[in-house]
Amino acid sequence: GFTLNDLVSYAGEHNEPNGEQGRDGTDQNNSANYGVEGPTDDEAIERLRIRQIKNLLATLLVARGVPMILGGDEFRRTQRGNNNAYCQDNEISWYDWALLERNAEIVRFVREMIALRRRHPMLRREGFYTEREIRWFGPGGAAPDWSGPAGILGCAIASADGADASRSPGLCLLFNATAQAARFELPAPAPDRRWRAAVDTSAPPPADIRAQGQEGGLGNAGAFELQAHAFALMVESAE
C-alpha cells in the first residue's frame, strides 16, 4: 500500500519501476492528490496535504486498540507513488532521514498526539466503548443520522469511571471530512467545567496541538466552528 504521504499525494499507484507494466499492486488506494499528482510547489495543496496527514494520524491515535504506524509516516516518507515496493532496494524504499528535519511540523504533531493519548486512559482501554462512555452527535448536537451523508461527526467521551476528573477529564472529538466549514453545538461539559481546545488541525503550529495546561479557550463555550478537512479535540478543564 501507499505510505501516508503518498496517500495524500497520488490519485493512483505508480509501479512502473517494478517491471510489471503497472499491473501489480492494488488499484483501490482510497487516495487523493488534491490537484497535482505527486510532489508540488503549490503552497495551498501542500498545506492541505499536511492537514490531511495530521487528520489521519490524529484519528488513529484517538482510536482504542493498539495504534500501528508505518515507519516514516511521521516524517512524510515517500515511495514516489509505488504501492508495491517490496522489490525496490533503492531510493524508492529507503528512508531519507533528511525528511525528519524537513517535516519537523509533522514529527512534533505525532509526538504531542502520543503524549495526549498517554494522558487520557479512556483512549487506551482494551474494550469497546459502552453507551455510558461515549455519545455521538451531529453538528446541531442531536444524534447523528447514520443513514445520511457522511463526513461531519462528533463524539463526547466521559471521564474514566471512578477516576479523579482532574486527572482524567472528559473529551470531545470533532471530525469534518467535507470541503466546507461546520459549526458544532457542543455537549455540556461536566459541572463547573468548560471545554478547551487541545487539537485543531486547521490551525497553524503550535496551535494545531497544544501541550497540557496550554489548551485554548473557546470564544463561545457552547459552539465550535471546525474548518473544512479538519479534526479538533476538546478537553474538559476547571479553569
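In this chain, numbering begins with 1 at the start of the sequence shown. Just so you know, these numbers come straight off a predicted model, no measurement behind them.
- The shortest distance between side-chain heavy atoms of Ile53 and Arg76 falls below 4.5 Å.
- With hydrogens and angles left out, the side-chain atoms of Asp73 and Asn5 include no donor and acceptor closer than 3.5 Å.
- In the hydrophobic clustering of ILVMFWY residues, with side-chain heavy atoms under 4.5 Å counting as a link, Val107 and Leu7 come out apart.
- For the residue pair Gln88 and Asn82, no side-chain donor N or O sits within less than 3.5 Å of a side-chain acceptor on the partner.
- Closest heavy-atom contact between Leu153 and Pro144: CD1-CB, 3.7 Å.
- Of the inter-residue distances, the one linking Asp41 atom CG with Glu46 atom CD reads 8.5 Å to the nearest 0.5 angstrom.
- Using modelled atom types, no side-chain atom of Arg194 and backbone atom of Leu218 make a donor-acceptor pair closer than 3.5 Å.
- At least one cation-pi condition fails for Arg64 and Phe128: the charged atom is not both under 6.0 angstrom from the six-membered ring centre and inside a 45 degree cone around its axis.
- Thr78 and Asp6 share a side-chain donor-acceptor pair at under 3.5 Å.
- Between Leu226 and Phe231, the shortest heavy-atom contact is CD1-C, 4.0 Å.
- When all heavy atoms of Leu61 and Met113 are compared, the pair lying nearest together is CD1-CB, 3.6 Å.
- With salt bridges taken as basic N to acidic carboxylate O contacts below 4.0 Å, one links Glu105 and Arg47.
- Here the closest non-hydrogen pair linking Arg210 and Arg119 is O-NH2, 4.3 Å.
- No side-chain donor from either of Gln79 and His14 sits under 3.5 Å from a side-chain acceptor of the other.
- A heavy-atom distance below 4.5 Å is not found between the side chains of Leu116 and Glu112.
- A continuous path of hydrophobic side-chain contacts links Ile106 to Tyr34 [ILVMFWY only; heavy atoms under 4.5 Å].
- Note: Arg183 CZ to Ile152 CD1 = 13.5 Å, rounded to the nearest 0.5 Å.
- Between the side chain of Arg108 and the main chain of Pro206, a donor-acceptor pair closer than 3.5 Å is present.
- Side-chain contact check for Leu171 versus His120: some heavy-atom pair is nearer than 4.5 Å.
- In this structure, the side chains of Tyr10 and Pro39 come closer than 4.5 Å at one or more pairs of heavy atoms.
- You'll find the side chain of Glu215 stays beyond 4.5 Å of the side chain of Ser237, heavy atoms only.
- Tyr129 and Trp146 fall within the same hydrophobic cluster, defined by Ile, Leu, Val, Met, Phe, Trp and Tyr side-chain heavy atoms under 4.5 Å apart, directly or through other members.
- Annotation: side chain of Arg125 is in contact with side chain of Glu133 (closest heavy-atom distance under 4.5 Å).
- Salt-bridge annotation for Asp208 and Lys54: present, with a side-chain N of the basic residue lying under 4.0 Å from a carboxylate O of the acidic one.
- The minimum heavy-atom distance linking Arg49 with Gly38 is given by the pair NH1-O, 2.9 Å.
- For an aromatic pair to be called close, the ring centres must be under 6.0 Å apart, and Phe224 with Phe184 fails this.
- Checked by atom type and distance alone, the side chain of Arg80 never pairs as donor or acceptor with a backbone atom of Ile92 at under 3.5 Å.
- A distance-only check finds a donor-acceptor pair linking the side chain of Arg23 to the backbone of Glu20 [under 3.5 Å].
- A salt bridge does not link Arg111 with Glu74: none of the charged nitrogens is closer than 4.0 Å to a carboxylate oxygen.
- Note: Phe75 and Tyr95 have perpendicular aromatic rings, judged against thresholds of 30 and 60 degrees for the angle between ring planes.
- A distance of 9.5 Å separates CE of Met234 from CG of Leu173, quoted to the nearest 0.5 Å.
- Taking CG of Leu186 as the reference point, atom CG of Leu174 lies at 6.0 Å (rounded to 0.5 Å).
- Between atom CZ of residue Arg77 and atom CG of residue Leu70 there is a gap of 5.5 Å, rounded to the nearest 0.5 Å.
- Taking SG of Cys87 as the start and CG of Asn15 as the end, the distance is 8.5 Å to the nearest 0.5 Å.
- Side chain of Asn83 to main chain of Thr26: a donor-acceptor pair is present (N/O by atom type, distance under 3.5 Å, no hydrogens or angles).
- Residues Glu13 and Asn29 bring a donor and an acceptor atom of their side chains to less than 3.5 Å of each other.
- Formation of a donor-acceptor pair under 3.5 Å by the Asp42 side chain with backbone atoms of Ile45 is found in this model.
- Looking only at side-chain heavy atoms (C-beta outward), Pro187 and Arg135 come within less than 4.5 Å of each other.
- No side-chain donor-acceptor contact under 3.5 Å links Thr40 to the backbone of Val36.
- Between Trp136 and Cys155 the shortest heavy-atom distance is CE3-CB, 3.4 Å.
- The closest donor-acceptor contact from the side chain of Asn84 to the backbone of Gly1 lies at 3.5 Å or more, if one exists at all.
- When only modelled atom types and interatomic distance are considered, Asp24 and Asn18 share a side-chain donor-acceptor pair under 3.5 Å.
- For Ser147 and Asp145, the side-chain atoms include at least one donor-acceptor pair closer than 3.5 Å.
- Side-chain heavy atoms closer than 4.5 Å link hydrophobic residues (I, L, V, M, F, W, Y) into clusters, and following such links, possibly through other members, connects Leu123 to Ile209.
- The side-chain heavy atoms of Phe2 and Asn30, taken from C-beta on, include no pair separated by under 4.5 Å.
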